[in-house]
Number of protein chains: 2
Amino acid sequence: MRADAKKNYDQLLATAREVFTEQGADASLRDIARRAEVGLGTLYRHFPTREALLEALLRSSFDALAAKARELESSGASDEALVSWLQETIAFTHEHRGVIAPMMGAIEDPESALHASCVMLRAAGASLLARAQADGNARADLDGSELFDLIAALAWLREQPSHAPRADRLFSVITDAVLVNRDA
Amino acid sequence: MRADAKKNYDQLLATAREVFTEQGADASLRDIARRAEVGLGTLYRHFPTREALLEALLRSSFDALAAKARELESSGASDEALVSWLQETIAFTHEHRGVIAPMMGAIEDPESALHASCVMLRAAGASLLARAQADGNARADLDGSELFDLIAALAWLREQPSHAPRADRLFSVITDAVLVNRDA
DNA sequence: ACCTGAACACCGTTCAAGT
DNA sequence: ACCTGAACACCGTTCAAGT
């Protein structure tokens with residue numbers, strides 16, 4: 001990449017991070033180009049879709065969540081491992097308001113720039129779920145897609161201001177539904 | 001209301017119903033005015049906000065859901081009553097794609113035209129939940145707001161195309177979480 | 001090889017001018 | 001009393017013209 005191109009690329013990413021943090025992942029791309037002091041066409045060539053920009057911005061976070069899952073797989077209790085990972089994943093989406101809707105769109109669209117990351121995330125969750133199920137700690141009749149749906153639902157809820165005071169409560173209601181209640 | 005005003009009002013509502021059904025509750029208001037063959041200003045005077053238009057369109061459905069809840073309250077099993085009502089409520093939102101987000105925004109915003117309907121819906125669910133709790137059929141540590149959150153989460157999931165094949169499964173996972181599992 | 005911004009086709013919302 | 005649509009301030013996306 002030419003030096004000036006690289007500079008624009010980096011500047012766009014840094015500005016996108018700022019603007020998405022302020023306004024959510026559906027912020028105006030025009031505004032990002034403007035604040036990055038870069039032509040609108042430059043943004044579109046580096047990042048042909050909003051998903052491509054999100055992917056470049058969030059790739060390392062996706063990787064970190066996948067790494068965390070691998071790490072947790074060889075940790076103590078399989079149910080606690082699953083719950084911690086769910087918590088971290090929800091926290092990640094919460095830090096990036098508006099990202100769960102494109103992720104949900106991307107998971108079954110191989111053309112989306114977010115597809116691979118979402119599939120990886122679903123697989124990471126599926127592994128932790130499988131271990132918990134093998135231990136008898138999680139409902140046997142759930143799969144990775146359903147876990148991903150539950151994550152998405154919780155993530156979307158957390159984006160709703162009216163839901164905020166109940167976010168932690170609902171998280172535990174849903175995780176209770178995933179885990180086998182060993183006190184029963 | 002003057003006769004011509006009434007005619008425009010009705011025409012707008014009928015067209016909005018069509019367009020929202022085709023494109024979801026976030027469809028273009030301009031498009032609705034155009035297809036209703038009415039000036040854009042006329043739409044805005046009759047319905048100052050998108051919420052006002054949705055409210056006029058859906059009021060009877062909200063009333064029907066509240067009536068259904070009252071009816072179910074004096075029916076057989078309290079757990080089955082709650083589940084049927086949840087099912088009908090989710091089906092309603094599914095018929096009106098895009099409506100759950102403004103509803104979630106309206107529930108804590110008294111200025112929203114959808115506020116009263118949403119509060120009514122939450123109260124209707126809360127009644128059925130309270131009866132199921134009194135019978136020992138539902139988790140005691142849930143309230144109407146949390147039930148509304150769960151409804152919203154399921155409704156949002158159902159709007160996601162990728163989720164479609166798992167909609168019924170996830171519904172039962174969530175209702176299992178609400179109901180006390182009497183086989184345990 | 002890369003950048004720019006005008007151009008196009010849309011929005012939501014307001015409001016002066018009309019009937 | 002009500003209606004209309006131009007006007008304004010935005011979008012996303014493309015692409016001819018520049019360096």
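Heavy atoms only: backbone and side chains are in, while hydrogens, waters and symmetry mates are out. Because the structure is predicted, anything quoted here is derived from the model rather than measured. Numbers restart at 1 for each chain; the letters A, B, ... are given by sequence-line order, proteins then strands.
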Rounded to whole angstrom units, what separation is found between the [atom1] atom of [X] and the [atom2] atom of [N]?
X     : N      : atom1 : atom2 : answer
B:K6  : D:dA1  : NZ    : C1'   : 17 Å
A:K7  : C:dC2  : NZ    : C1'   : 13 Å
A:E51 : D:dG12 : CD    : P     : 12 Å
B:Y9  : D:dA1  : OH    : C1'   : 17 Å
B:L29 : D:dG5  : CG    : P     : 17 Å
A:D4  : C:dC3  : CG    : C1'   : 8 Å
B:R34 : D:dT4  : CZ    : C1'   : 15 Å
A:L43 : D:dC11 : CG    : P     : 13 Å

Pairing partner of D:dG5, by Watson-Crick or G-U wobble and under 3.5 Å for both distances, is C:dC15
Does D:dC10 have a Watson-Crick or wobble mate here (both distances under 3.5 Å), and if so which one? none
Salt bridge (Lys or Arg N to Asp or Glu O under 4.0 Å), that's the test. Do B:R50 and B:D26 meet it? Break it down for me. CA-CA 8 Å; B:R50 186 182 294 272; B:D26 51 356; over 6 Å; no
Return the nearest nucleotide to the side chain of [X]; candidates are [options].
X     : options               : result
A:A5  : D:dG12, C:dC3, D:dC3  : C:dC3
A:Y44 : C:dC2, D:dT14, C:dC3  : D:dT14
A:R50 : C:dT14, D:dG12, C:dT4 : D:dG12
A:R2  : C:dC2, D:dT14, D:dA1  : C:dC2
A:V38 : C:dT4, D:dG12, C:dC3  : C:dT4
A:L40 : D:dC11, D:dG5, D:dT13 : D:dT13
A:H46 : C:dC3, C:dT13, D:dT13 : C:dC3
A:R30 : D:dC2, D:dC11, C:dT13 : D:dC11

Do [X] and [Y] get their side chains close enough for a donor-acceptor pair, meaning under 3.5 Å?
X      : Y      : value
B:E88  : B:S84  : no
B:D109 : B:H115 : no
A:S75  : A:E71  : no
B:N8   : B:T42  : no

Does A:N8 place a side-chain N or O at less than 4.0 Å from the phosphate oxygens OP1/OP2 of C:dC2? no
Sugar-phosphate, base or nothing in reach of [X], heavy atoms under 4.0 Å:
X     : result
A:R45 : base
A:S28 : sugar-phosphate
B:A27 : sugar-phosphate

Whether B:W156 and A:W156 hold their rings parallel, tilted or perpendicular, with breakpoints at 30° and 60°: parallel
Contacts of A:P48 and B:G41 projected onto DNA chain D by closest heavy atom; the upstream (5') one is B:G41
